[in-house]
Amino acid sequence: MSVVTTQMHGNIAVVTIDNPPVNAASQAVRQGLMEALHATEASQPAAVVLTCAGRTFVAGADIREFDKPFLEPGLPELLNAIEGATRPWVAAIHGTALGGGCELALACSHRIGAATAKIGLPEVNLGLIPGAGGTVRMPRLIAPIEAARLAVTGKPISASEAHKLGLFDAVAEGELLDAAIQLAKDAAAKPLPAPLLTRDAPEVDRATWDAAMAKLTAKARGQTSPHEAAAAVRDALDHDGVTALGLERERFMRLKASPQSAALRYIFFAERMVGKTPHTKGVAPRPLAEIGVVGGGTMGAGIAAAALLAGLPVTMVERDTDAANAGAARVEGILGGSLKRGLISETKHAALLAKFTTATDYAALAKADLVIEAVFEDMDVKKQVFAALDAACKPEAVLASNTSYLDVNEIAASVREPARVVGLHFFSPAHIMKLLEIVVPETVADDVLATALALAKTLRKLPVLAGVCDGFIANRIMTSYRREADYLLEDGALPYEIDAAMRAYGMPMGIFEMQDLAGLDIGWAARKRRAATRPAHQRYVEIADRICEQGHFGRKTGQGWYLYGEDGKPTRNPEVEALVLEEADRKGIRRQSFEASDIMARILACMQSEGQAILDEGIAASPQDIDVTMVNAFGFPRWKGGPMFQRTTG
Ligand code: 3H9
């Protein structure tokens with residue numbers, strides 16, 4: 001069947017695109033639309049309604065075609081032709097009209113959205129700018145700064161906002177198609193609006209514009225596409241429509257060939273690939289109606305809040321009433337924050353709290369379908385919790401550990417039915433961080449794994465599957481490059497230099513700032529735990545231990561790798577710098593100076609060799625699992641794809 005079909009509804013032609021899953025504007029769709037345009041230009045219906053089958057309006061150009069030879073007709077030519085139609089074209093938008101889909105809607109003479117529709121120009125997230133007139137037509141339809149906001153931030157907007165801005169002519173109250181046909185009939189009775197491309201661009205004062213763009217691009221760090229998008233919209237204001245279209249095209253083609261766009265497209269598909277495993281193909285997950293959480297500390301409370309915000313009832317168990325109350329206060333704090341920021345309504349806030357209970361007896365978890373343990377990182381403590389869960393929970397309940405390092409095989413072996421144990425490693429703050437490492441013990445049942453993946457989907461998390469080893473994917477690699485950063489200290493760099501090199505590379509934070517933020521005591525405890533099993537030949541740097549021995553645990557004690565004043569800003573810590581020199585001296589190391597690029601080369605090489613070891617041992621199934629983890633757990637710059645992707649680009 002053709003991906004584009006036309007049917008008459010009275011004297012209105014309804015053109016439908018049907019190209020699952022997201023109606024991407026593939027060559028077949030472009031070809032089909034061009035034919036539909038020619039046919040309707042010949043048959044002259046009163047007007048044309050353009051709609052999509054399935055879950056969404058066109059969600060963009062077909063990104064998979066970007067690496068293949070180009071095939072006619074191009075999207076820009078098609079959209080110019082649609083804009084030149086002699087009959088009104090009404091885009092009837094449901095789901096998400098994104099990128100090329102939004103540009104297609106802009107080429108139509110009218111736009112109507114379902115109340116739940118979203119529209120936007122997310123090309124920047126793929127290292128691109130809109131390439132089919134989005135930066136040129138949008139500022140000729142809505143306020144130019146709002147047009148730039150869409151193109152620079154890549155964030156889609158709701159139907160009501162689109163209506164308010166003038167991007168939608170109407171929001172459908174009932175059936176979208178009926179409302180679109182009505183709008184088409186009304187449009188047919190009036191003169192056609194002038195094509196956007198032929199309109200004059202509004203004047204925007206240069207200083208106002210520059211200030212607005214500086215604000216919009218402030219978070220771009222090393223990513224170039226947001227700056228390019230701002231410049232493209234500016235071009236569109238400074239030139240006539242046709243000239244601006246040519247400039248936009250040149251910019252788009254240059255960016256499409258850029259390493260940043262290659263990396264961003266790679267990570268887009270990688271994020272959709274991970275979390276898929278042949279083990280769960282066709283396997284039904286177990287029910288997930290009630291969740292239990294053991295432990296009300298930062299992690300337990302974050303996990304409970306994440307589950308509540310996803311609509312799941314949660315019972316939290318703590319060892320005594322005081323701890324349960326403290327856990328409840330943490331959860332309430334998180335939900336209160338969501339209310340304050342307008343993310344949830346008063347009614348929803350009250351409904352979520354009504355679904356939350358605390359208890360001090362494991363018997364309260366008797367009905368839970370899945371329980372996540374988030375207690376102190378100690379194998380004996382974990383085993384005690386699992387023994388209690390084994391006794392209290394129903395036999396089919398899934399038992400999960402939020403451990404970030406410990407041997408989940410050993411935890412699984414400690415219960416009567418090891419097949420129901422899985423690792424669910426959340427990242428802090430658990431209600432915000434998208435990544436969820438699903439740690440797969442040898443004994444896990446396929447439907448338990450399917451349940452863990454189903455939970456990730458319900459919580460809108462990004463699941464990555466990891467095998468069992470010390471630290472799994474994320475913390476194993478982090479431990480390894482933290483160690484390399486320690487070697488760099490002794491070899492000649494100072495903490496602030498290493499952090500600056502990492503930030504310059506595009507990480508949000510350096511490794512030492514990050515440790516100060518998390519608390520140095522956590523890593524210290526882990527190092528003490530591993531001391532007995534550390535290979536004798538392994539180089540060991542004692543500087544972090546020395547800092548901890550003095551009671552300095554980072555930000556929370558006002559001192560760590562850095563000093564923290566009243567304003568909380570880190571400043572260089574001379575004591576630490578003296579300690580670094582002392583340690584190097586004690587070991588007889590001749591310190592040398594490092595450029596930022598040398599520092600990053602060593603850290604990156606270390607991430608890559610640990611990543612390769614993780615692949616060789618089968619802990620991660622693919623380089624994509626490692627890259628998605630590094631980008632989402634530690635802010636490895638998305639526009640560099642991840643450490644493993646960097647190997648392929650040289
Ligand atoms: C563009 O338009 C350039 C133009 O300005 C100029 C051109 C000249 N192409 O995310 P999901 C696949 S650039 C190909 O899991 P959801 C996706 O890989 C584009 N494939 O679903 C997945 O495949 P699989 C601008 C695509 O419901 C499946 O569809 N547009 C595309 O969570 C389902 O995707 C964008 O950047 C595509 N464009 O979210 C929008 N999009 O099943 C990108 C998706 O094999 N897309 N696939 O794993 C999205 O943001 C989300 O997919 C969307 C749906 C919100 C639409």
Side-chain angles (χ1 to χ4, degrees), residues 3 17 19-30 33 52 54-68 70-80 93-107 116-138 147 150-158 225 228-229 232-233 236 245-246 248-258 261-262 264-277 281 434 453 456-463 622 624 628 638:
V3 291
I17 302 170
N19 183 31
V22 297
N23 287 314
S26 63
Q27 191 278 335
V29 167
R30 301 193 303 271
L33 279 175
C52 286
R55 66 197 221 215
T56 180
F57 195 77
V58 175
D62 189 336
I63 311 164
R64 291 182 207 272
E65 283 183 0
F66 284 5
D67 297 317
K68 298 181 186 154
F70 169 73
L71 290 171
E72 299 279 356
L75 196 58
E77 296 73 46
L78 169 69
L79 301 195
N80 289 349
I93 296 165
H94 75 291
T96 42
L98 300 176
C102 172
E103 293 172 302
L104 172 60
L106 285 171
T116 51
K118 289 193 167 170
I119 186 161
L121 294 169
E123 286 90 341
V124 282
N125 300 326
L126 298 170
L128 302 167
I129 61 156
T135 64
V136 183
R137 291 191 177 94
M138 192 68 89
L150 284 167
V152 173
T153 67
K155 286 197 185 115
I157 54 171
S158 66
S225 54
E228 297 272 7
V233 181
L245 207 58
E248 181 198 67
R249 190 74 191 155
E250 271 172 34
R251 207 182 277 272
F252 173 83
M253 294 307 285
R254 174 168 54 76
L255 291 176
K256 188 155 84 85
S258 70
S261 179
L264 285 161
R265 273 143 53 195
Y266 159 82
I267 203 79
F268 174 88
F269 287 116
E271 286 184 343
R272 281 151 183 85
M273 180 189 123
V274 298
K276 288 182 182 154
T277 162
K281 217 167 177 197
K434 269 187 83 72
L453 287 164
K457 194 165 183 197
T458 305
L459 302 185
R460 284 186 223 98
K461 299 283 181 206
L462 184 54
S622 70
Q624 280 86 342
V628 168
R638 176 174 284 271

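As the structure is a prediction and not an experimental result, all values here were calculated from the model. Every number for a ligand or one of its atoms is a count from 1 in the order of the listing.
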| So, does G134 sit close enough to ligand 1 that a heavy atom of it is under 4.0 Å from the ligand? | no
| request: Just need the protein heavy atom nearest to atom 4 (C) of ligand 1, so name the residue and atom and give the distance. | output: E103 OE1, 3.3 Å
| request: Take every heavy atom of K276, measure it against each atom of ligand 1, and state whether any distance is under 4.0 Å. | output: yes
| task | Run the numbers for me: atoms of ligand 1, each under 4.0 Å from some heavy atom of E123, listed by number. | result | 1 (C), 2 (O), 3 (C), 4 (C), 5 (O), 13 (S)
| Nearest atoms (heavy-atom pairs only) where G127 meets L255 | O-CB, 3.5 Å
| Will you find, in the side chains of R265 and S261, an N or O donor that is under 3.5 Å from an N or O acceptor? | yes
| field | Heteroatom proximity flag, P76 to ligand 1, N/O under 3.5 Å | value | no
| Numbered atoms of ligand 1 (with element) below 4.0 Å of F269, judged on heavy atoms | 18 (O)
| pair V3-I17: side-chain heavy atoms closer than 4.5 Å | no
| Spatial distance of atom NZ (K155) from atom CG (N125) [nearest 0.5 Å] | 9.5 Å
| message | Under 4.0 Å from a heavy atom of P130: which atoms of ligand 1 are those, numbered in the order shown and with their elements? | response | 5 (O)
| What is the minimum heavy-atom distance between A147 and M138, and which atoms define it? | CB-CG, 3.5 Å
| Would you call R55 a ligand 1 contact, heavy-atom distance under 4.0 Å? | yes
| remark: heavy-atom search around atom 29 (O) of ligand 1 in the protein gives P21 CG, 3.3 Å
| request: Could you list which atoms of ligand 1 come closer than 4.0 Å to a heavy atom of D62? | output: 9 (N), 14 (C)
| said: I need the E228 CD to L128 CG distance, nearest 0.5 Å. | reply: 10.5 Å
| remark: When distances are taken from atom 9 (N) of ligand 1, the protein heavy atom at minimum range is I63 N, 3.0 Å
| message | With a cutoff of 4.0 Å, is T56 in contact with ligand 1, counting heavy atoms of the residue only? | response | no
| remark: of all protein heavy atoms, closest to atom 6 (C) of ligand 1 is G131 N, 3.5 Å
| field | Protein heavy atom at shortest distance from atom 41 (N) of ligand 1 | value | V22 CG2, 3.5 Å
| field | Exercise check, heavy-atom protein proximity under 4.0 Å to atom 32 (O) of ligand 1 | value | no
| request: Output yes when the distance from some N or O of ligand 1 to some N or O of R64 is under 3.5 Å, and no in every other case. | output: yes
| field | atom 17 (C) of ligand 1: nearest protein contact (heavy atom, Å) | value | R272 CD, 3.7 Å
| query | Of the choices F252, F268, F57, which has the non-hydrogen atom that lies closest to atom 43 (C) of ligand 1? | reply | F268
| request: Search all heavy atoms of P76 against all heavy atoms of R249 and return the closest pair with its distance. | output: CG-NH1, 3.4 Å
| remark: For atom 30 (N) of ligand 1, the closest protein heavy atom turns out to be A59 O, 2.9 Å
| Steps toward salt bridge (Lys or Arg N to Asp or Glu O under 4.0 Å) verdict (E271, K434) | CA-CA 11 Å; E271 286 184 343; K434 269 187 83 72; over 6 Å; no
| task | Determine the minimum heavy-atom distance between I129 and S225, stating which atoms define it. | result | CG2-O, 4.1 Å
| said: I need the minimum non-hydrogen distance between F57 and A97, along with the two atoms involved. | reply: CD2-CB, 3.6 Å
| said: I'd like to know if R249 contacts ligand 1, where contact means a heavy-atom distance under 4.0 Å to any ligand atom. | reply: yes
| For ligand 1, which atoms sit closer than 4.0 Å to a heavy atom of G99? | 2 (O), 25 (C)
| query | Relative to the heavy atoms of P122, which atoms of ligand 1 are at a distance of less than 4.0 Å? | reply | 30 (N), 35 (C), 36 (O)
| request: Can you pull out the closest protein heavy atom to atom 38 (N) of ligand 1? Residue, atom name and distance to 0.1 Å, please. | output: A61 O, 2.9 Å
| said: Using a 4.0 Å cutoff against the non-hydrogen atoms of L126, which atoms of ligand 1 qualify? | reply: 13 (S), 19 (C), 36 (O)
| request: With heavy atoms of G100 as the reference, note each atom of ligand 1 found under 4.0 Å away. | output: 1 (C), 2 (O), 4 (C), 5 (O)
| Where L121 and C102 come nearest, the two heavy atoms and their spacing | CD2-SG, 3.8 Å
| Any side-chain heavy atom of Q27 within less than 4.5 Å of one from P73? | yes
| task | Any chance you could measure E103, atom CD, to L78, atom CG, to the nearest 0.5 Å? | result | 11.5 Å
| request: Can you measure from CZ (R251) to OG1 (T135) and round to the nearest 0.5 angstrom? | output: 8.5 Å
